[in-house]
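In what follows, a structure is listed as structure tokens, so that the remarks can point back to it.
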Amino acid sequence: MGDSIITIIAIFLAAILMFIFPLMALSERSDDISQLSVQTATAEFVDDIRATGKLTYEKYLSTLTATGNSFDVEMQIQKLDENPGVKVTQGQKDKIGENIYYSVYTSQIMEDLQANKVMKLKEGDIVSVTVKNTNKTISQLLRNFFYRVSGNDTYQISAQHGGIVMVNAN
């Protein structure tokens with residue numbers, strides 16, 4: 001009787017070592033590839049906006065969805081509001097105006113993109129993009145099952161990039 005219990009435990013451990021751990025390693029590798037793809041796509045997306053002054057979203061979105069995950073994309077554009085007619089009370093008399101930034105967030109950007117398909121920016125605007133996956137990857141599911149690591153705000157794949165627009169859009 002004691003030998004049969006040990007045999008069952010040995011078979012169970014062998015199954016875990018032969019199937020579960022390689023599956024976990026493969027799923028971790030898949031998440032690493034998705035992470036690299038999302039990081040590269042986000043950097044290219046922001047750098048393209050900075051170089052052209054135009055924000056278009058379709059190509060970037062298709063690159064993200066090609067990873068097989070769903071993402072929450074948060075964008076912020078700090079638009080430069082040049083106000084050259086306002087006199088500054090402090091400082092020099094010949095200094096005219098100051099640069100003020102106002103922020104435009106994801107929902108406002110999406111409304112503008114739905115209406116115009118392209119959002120034109122000007123030199124000096126600041127673009128920031130943050131991406132996080134919203135679905136549970138296979139790696140996260142396996143890790144949560146074996147290690148009991150859970151949480152609603154956990155994400156496996158994320159990227160962030162930003163910069164200043166260098167040209168005015170035509």
Side-chain angles (χ1 to χ4, degrees), residues 1-78 103-121 125-166 169:
M1 180 71 174
D3 289 337
S4 61
I5 293 175
I6 292 174
T7 305
I8 292 172
I9 291 173
I11 291 172
F12 181 71
L13 288 175
I16 288 175
L17 291 174
M18 287 175 44
F19 299 111
I20 302 300
F21 286 124
L23 180 62
M24 287 179 66
L26 185 64
S27 63
E28 288 284 338
R29 186 74 152 140
S30 174
D31 282 356
D32 290 344
I33 292 169
S34 294
Q35 170 69 33
L36 181 62
S37 175
V38 168
Q39 183 70 36
T40 303
T42 303
E44 288 175 357
F45 175 62
V46 172
D47 290 343
D48 184 52
I49 294 169
R50 292 178 56 224
T52 62
K54 296 177 183 177
L55 189 150
T56 55
Y57 190 65
E58 292 83 20
K59 181 180 174 187
Y60 177 62
L61 187 61
S62 66
T63 304
L64 290 181
T65 55
T67 63
N69 297 302
S70 59
F71 292 94
D72 178 28
V73 179
E74 295 177 7
M75 292 185 278
Q76 178 183 2
I77 298 174
Q78 294 179 350
S103 295
V104 179
Y105 297 100
T106 306
S107 60
Q108 297 162 320
I109 294 169
M110 289 306 181
E111 288 174 5
D112 192 23
L113 286 176
Q114 287 177 352
N116 301 325
K117 299 288 184 199
V118 175
M119 184 175 195
K120 294 184 178 182
L121 304 173
D125 292 348
I126 301 172
V127 179
S128 175
V129 178
T130 303
V131 183
K132 297 176 186 173
N133 71 312
T134 57
N135 64 319
K136 295 279 188 183
T137 64
I138 294 172
S139 171
Q140 286 175 302
L141 293 173
L142 288 172
R143 197 176 318 117
N144 289 345
F145 179 73
F146 285 109
Y147 303 135
R148 302 287 184 230
V149 178
S150 63
N152 294 333
D153 293 336
T154 60
Y155 52 88
Q156 182 71 21
I157 303 166
S158 65
Q160 183 175 1
H161 199 68
I164 297 175
V165 178
M166 297 180 285

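Panel note: side chain T65, backbone L61; a donor-acceptor pair is recorded below 3.5 Å. Between the side chain of R50 and the backbone N or O of I164 there is at least one donor-acceptor pair closer than 3.5 Å. Side-chain N or O atoms of Q35 include one that pairs as donor or acceptor with a backbone N or O of S158 at under 3.5 Å. The main-chain N or O of Q156 is found under 3.5 Å from a side-chain atom of N133 such that the two form a donor-acceptor pair. At least one donor-acceptor pair closer than 3.5 Å links the side chain of S27 to the backbone N or O of L23. Using modelled atom types, one side-chain atom of T67 and one backbone atom of L64 make a donor-acceptor pair closer than 3.5 Å. Judged by distance alone, with hydrogens and angles left aside, the side-chain atoms of E44 form no donor-acceptor pair with the main-chain N or O of A41 at under 3.5 Å. With hydrogens and angles ignored, the 3.5 Å screen pairs no side-chain donor or acceptor of T130 with any backbone N or O of Q160. Looking at Q140, its side chain does come within 3.5 Å of a backbone N or O of T137 through a donor-acceptor pair.
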**Message:** Apply side-chain contact (heavy atoms from CB on, under 4.5 Å) to residues S62 and Y60 and explain how you reach the verdict.
**Reply:** CA-CA 5 Å; S62 66; Y60 177 62; over 6 Å; no

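Here I157 contributes atom CD1 and T134 contributes atom OG1; the two are 10.0 Å apart, rounded to the nearest 0.5 Å. For the atom pair CG of L113 and CD of E111, the computed distance is 10.5 Å after rounding to the nearest 0.5 Å. A distance of 10.5 Å separates CG of D47 from OG1 of T52, quoted to the nearest 0.5 Å.
A pairwise comparison of heavy atoms in K54 and A169 identifies CG-CB, 3.8 Å as the closest pair. When all heavy atoms are compared, the tightest approach of T42 to V131 is OG1-CG2, 3.8 Å. Listed here is the closest heavy atom pair of I77 and L55: CD1-CD1, 3.8 Å. Across S103 and Q108, no two heavy atoms sit closer than the pair O-OE1, 4.1 Å.
Under 3.5 Å, the side chains of S139 and E28 contain a donor-acceptor pair of N or O atoms. Side chain to side chain, N135 and N69 meet the donor-acceptor criterion of an N or O pair below 3.5 Å.
The existence of a salt bridge linking R29 and D32 is excluded, since no basic side-chain nitrogen approaches an acidic carboxylate oxygen closer than 4.0 Å.
Ring planes of Y57 and F45: perpendicular class, angle over 60° (limits at 30 and 60°).
Counting only heavy atoms from C-beta outward, the side chains of L142 and M24 approach each other to under 4.5 Å. The shortest distance between side-chain heavy atoms of M75 and V127 does not fall below 4.5 Å.
With V104 as reference, I109 is the one residue of L121, I109, D112 to meet the side chain to side chain contact (heavy atoms under 4.5 Å, CB included) rule.
Under a cut-off of 6.0 angstrom, the local environment of CD1 in I126 is crowded, with over 12 non-hydrogen atoms contributed by other residues, nucleotides or ligands.
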